[in-house]
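Working notes for the structure below.
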There are 2 protein chains.
Amino acid sequence: MARATKKKTSEAPEKTTRIQEINRRLILDAALDVFSTYGFRGTTIDQIADKAGMSKPNLLYYFPRKQNIYVTLLEETLEEWLAPLAEIDPEGDPIEQLRKYITVKIRMSESHPEASRLFANEVLHGAPAISEFLSKHLKPLVDDKAAVIRRWVGEGKLAPVDPYHLIFMIWATTQHYADFDVQVRAIMGNQVGRPGFREQTAQAVLSIILNGIRPRL
Amino acid sequence: MARATKKKTSEAPEKTTRIQEINRRLILDAALDVFSTYGFRGTTIDQIADKAGMSKPNLLYYFPRKQNIYVTLLEETLEEWLAPLAEIDPEGDPIEQLRKYITVKIRMSESHPEASRLFANEVLHGAPAISEFLSKHLKPLVDDKAAVIRRWVGEGKLAPVDPYHLIFMIWATTQHYADFDVQVRAIMGNQVGRPGFREQTAQAVLSIILNGIRPRL
DNA sequence: CTGCATTTTGACCAACTAGTCAAGTTTTTG
DNA sequence: CAAAAACTTGACTAGTTGGTCAAAATGCAG
């Protein structure tokens with residue numbers, strides 16, 4: 001990670017000015033748009049600078065390398081992306097907890113599709129920039145929640161199911177609507193934009209998954 | 001689409017020589033590897049030429065534009081990718097037909113992950129090269145099968161479920177294991193390579209989806 | 001084995017792009 | 001309000017990459 005600015009005396013404090021805060025945000029917002037559409041290699045610094053409304057050298061004043069923008073963006077996104085999983089309550093009602101998790105994920109997929117695509121693209125290409133994050137942060141969290149789900153299964157509160165595959169299935173299904181949006185639109189056409197579409201999607205997904213894991217008599 | 005070679009007399013026949021056949025195959029195989037890993041923009045012609053064991057100008061003799069290789073590859077892939085959906089038998093047993101479809105898709109995801117990633121990457125970036133294919137070929141086929149599933153639901157052979165969302169869920173879940181392989185590996189570690197992994201995956205996916213759509217009393 | 005068509009390649013070019021730099025402008029601060 | 005710090009940018013460079021070209025090598029039909 002690069003130091004943002006050099007101060008006269010060499011310290012760590014790193015105070016950020018008002019202008020820095022504004023411009024970094026401007027850059028990151030523009031970059032999310034562009035990176036999520038064209039991927040890392042497909043994106044040029046000029047595109048981001050244009051969209052952020054500033055000159056390329058100025059952009060590079062805030063983020064000395066293209067990589068810096070990309071990595072910052074991914075880190076920001078992952079944090080937010082994982083939060084709902086962490087909030088699954090081991091003491092709550094299993095079906096209810098999973099219903100909430102799936103619902104939140106579908107909502108995120110609709111409200112921040114770019115974030116989903118940014119992440120999908122990175123993983124698709126082998127996750128060169130975040131493989132450490134995956135093993136150091138994601139894995140432990142998933143292991144933790146998988147254990148909870150396994151306990152639920154043991155207690156007969158869920159049908160016997162591999163917790164990891166269940167989690168993957170939830171991720172795959174919910175993110176599909178953001179990542180493969182073009183395909184969904186090609187098939188379902190005008191329906192996609194319509195008001196109740198998200199609810200209809202949530203309903204269908206919840207119905208299949210929850211009935212699929214409800215304890216069977 | 002570009003004409004491959006010009007013949008002395010201007011005709012259509014387009015005969016392909018032995019060498020052409022060999023080299024085109026060599027190029028396409030190499031290109032699938034590289035494109036699926038780095039995406040269209042992230043791939044250089046030199047990389048493909050290297051992997052195919054020939055010089056860049058020679059490669060360009062067979063495919064005058066980088067685009068040509070990419071599009072050819074996508075078309076080849078899509079054909080194969082869609083076949084299993086077409087094979088769903090409207091007269092068969094619903095649960096059995098869907099079990100077969102899911103099983104085949106998981107097998108394909110494991111045996112040709114590059115093809116899945118190539119396609120995923122293209123759709124993720126807005127499907128610029130295949131949007132026509134999506135609306136002209138994919139949509140009609142899906143509409144057709146959705147109608148079959150809807151009829152099954154009407155006949156009480158499946159629980160009430162939106163057929164389109166069911167199909168999306170099957171695609172999302174099965175392709176997840178190819179497209180997000182790195183993530184799956186980061187979480188499940190050594191298990192992924194192990195012999196029975198595909199069967200375990202298939203078992204989990206089938207169990208949730210099929211129980212999720214089995215008619216309820 | 002000869003002459004024509006096909007295949008192969010080294011050398012090259014033009015366009016693009018990440019990143020630099022030095023000189024200016026604006027903002028902050030004492 | 002002046003000086004210092006922070007910010008901004010036009011012009012530039014070096015490296016990369018898609019694609020060209022002309023000439024050489026190879027394959028093949030008669």
Side-chain angles (χ1 to χ4, degrees), chain A residues 1-11 13-28 30-31 34-35 37-73 128-129, chain B residues 1-11 13-28 30-31 34-35 37-73 128-129:
Chain A
M1 301 304 111
R3 173 77 48 81
T5 358
K6 214 177 287 173
K7 299 201 31 197
K8 51 193 164 182
T9 48
S10 57
E11 299 156 34
E14 292 263 332
K15 99 169 170 232
T16 46
T17 69
R18 183 182 53 91
I19 296 179
Q20 269 169 41
E21 211 160 311
I22 293 172
N23 283 345
R24 282 178 157 265
R25 194 68 266 149
L26 236 46
I27 293 168
L28 289 173
V34 188
F35 276 135
T37 309
Y38 303 104
F40 182 75
R41 287 283 312 262
T43 294
T44 72
I45 299 183
D46 285 284
Q47 275 176 293
I48 303 176
D50 270 7
K51 192 154 230 164
M54 70 184 68
S55 68
K56 176 164 68 168
N58 198 19
L59 181 150
L60 287 163
Y61 172 74
Y62 293 100
F63 294 89
R65 312 270 142 196
K66 187 181 170 185
Q67 266 277 346
N68 298 155
I69 314 176
Y70 186 68
V71 171
T72 304
L73 218 44
Chain B
M1 300 305 111
R3 174 77 47 81
T5 357
K6 214 177 288 174
K7 298 198 37 194
K8 50 192 165 184
T9 49
S10 57
E11 299 156 34
E14 292 265 332
K15 100 170 170 229
T16 44
T17 69
R18 184 183 52 92
I19 296 181
Q20 271 168 37
E21 211 160 311
I22 293 172
N23 283 345
R24 282 176 158 267
R25 194 68 265 149
L26 236 46
I27 293 169
L28 289 172
V34 187
F35 277 135
T37 309
Y38 302 105
F40 181 74
R41 289 285 310 262
T43 295
T44 71
I45 299 184
D46 285 284
Q47 276 177 293
I48 303 176
D50 270 8
K51 193 153 229 163
M54 70 184 68
S55 69
K56 176 165 69 168
N58 199 19
L59 180 150
L60 287 164
Y61 171 74
Y62 293 100
F63 294 88
R65 312 268 143 197
K66 187 182 171 185
Q67 266 277 345
N68 297 156
I69 315 176
Y70 186 68
V71 171
T72 304
L73 218 44

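All chains are named by letter (A, B, ...) in the order of the sequence lines, taking the proteins before the strands, and each is independently numbered beginning at 1. Just so you know, these numbers use all the heavy atoms, side chains as well, and skip hydrogens, waters and symmetry mates.
Counting non-hydrogen atoms under 4.0 angstrom, B:L60 reaches a base of the nucleic acid. Base engagement by A:S55 is indicated by at least one non-hydrogen atom pair under 4.0 Å involving a base atom.
Residue A:R24 contributes atom CZ, which lies 14 Å from atom C1' of D:dA6 at whole-angstrom precision. The nearest whole Å value for the distance from the CZ atom in A:F63 to the P atom in D:dC7 is 13 Å. Rounding to whole angstrom units, CG of residue A:D46 and P of D:dG10 are separated by 12 Å. Taking atom CG on A:L26 and atom P on D:dT8, their separation rounds to 10 Å, with Å as the unit. Rounded to an integer number of Å, the gap from CD1 of A:I22 to P of C:dT27 is 11 Å. We find that CD1 of A:I27 is positioned 12 Å from C1' of D:dC7, with the value rounded to whole Å. At whole-Å resolution of the value, CZ in A:R18 and C1' in C:dT26 are 11 Å apart. Atom NZ in A:K66 sits roughly 14 Å away from atom P in D:dT16 (whole-Å rounding).
For A:R41 and C:dA18, the shortest distance from a side-chain N or O to OP1 or OP2 is not below 4.0 Å. Distances shorter than 4.0 Å separate none of the side-chain N or O atoms of B:N58 from OP1 or OP2 on C:dT7. The phosphate of D:dC7 (OP1 or OP2) has a side-chain N or O of A:Y61 nearer than 4.0 angstrom. OP1 or OP2 of D:dA6 has not a single side-chain nitrogen or oxygen of A:Q20 nearer than 4.0 Å. Distances shorter than 4.0 Å separate none of the side-chain N or O atoms of B:R65 from OP1 or OP2 on D:dG18.
A 4.5 Å side-chain heavy-atom check between B:I27 and B:M54 finds at least one atom pair inside the cut-off. For the pair B:I69 and B:F40, the minimum side-chain heavy-atom distance is 4.5 Å or more.
The side chain of A:I45 lies closest to C:dA18 when the candidates are D:dG19, C:dA18, C:dT9. Checking D:dC7, C:dT8, D:dT8 against the side-chain heavy atoms of A:T17 singles out D:dC7 as nearest.
Atoms CG and NZ, from A:L59 and A:K56 in turn, are 10.0 Å apart once rounded to the nearest 0.5 Å.
Under the side-chain contact (heavy atoms from CB on, under 4.5 Å) test applied with A:Q47, the options A:T43, A:D50, A:I45 reduce to a single match, A:T43.
Comparing A:L59 and B:T43 along DNA chain D, the residue whose closest nucleotide (by nearest heavy atom) sits nearer the 5' end is A:L59. Nearer to the 5' terminus of DNA chain C, by closest-nucleotide assignment, is the contact made by B:I19 (compared with the other of B:I19 and B:P57).
Note: A:Y70 and A:F35 have perpendicular aromatic rings, judged against thresholds of 30 and 60 degrees for the angle between ring planes.
For B:K56 against D:dG19, a side-chain-to-base donor-acceptor contact under 3.5 Å is present.
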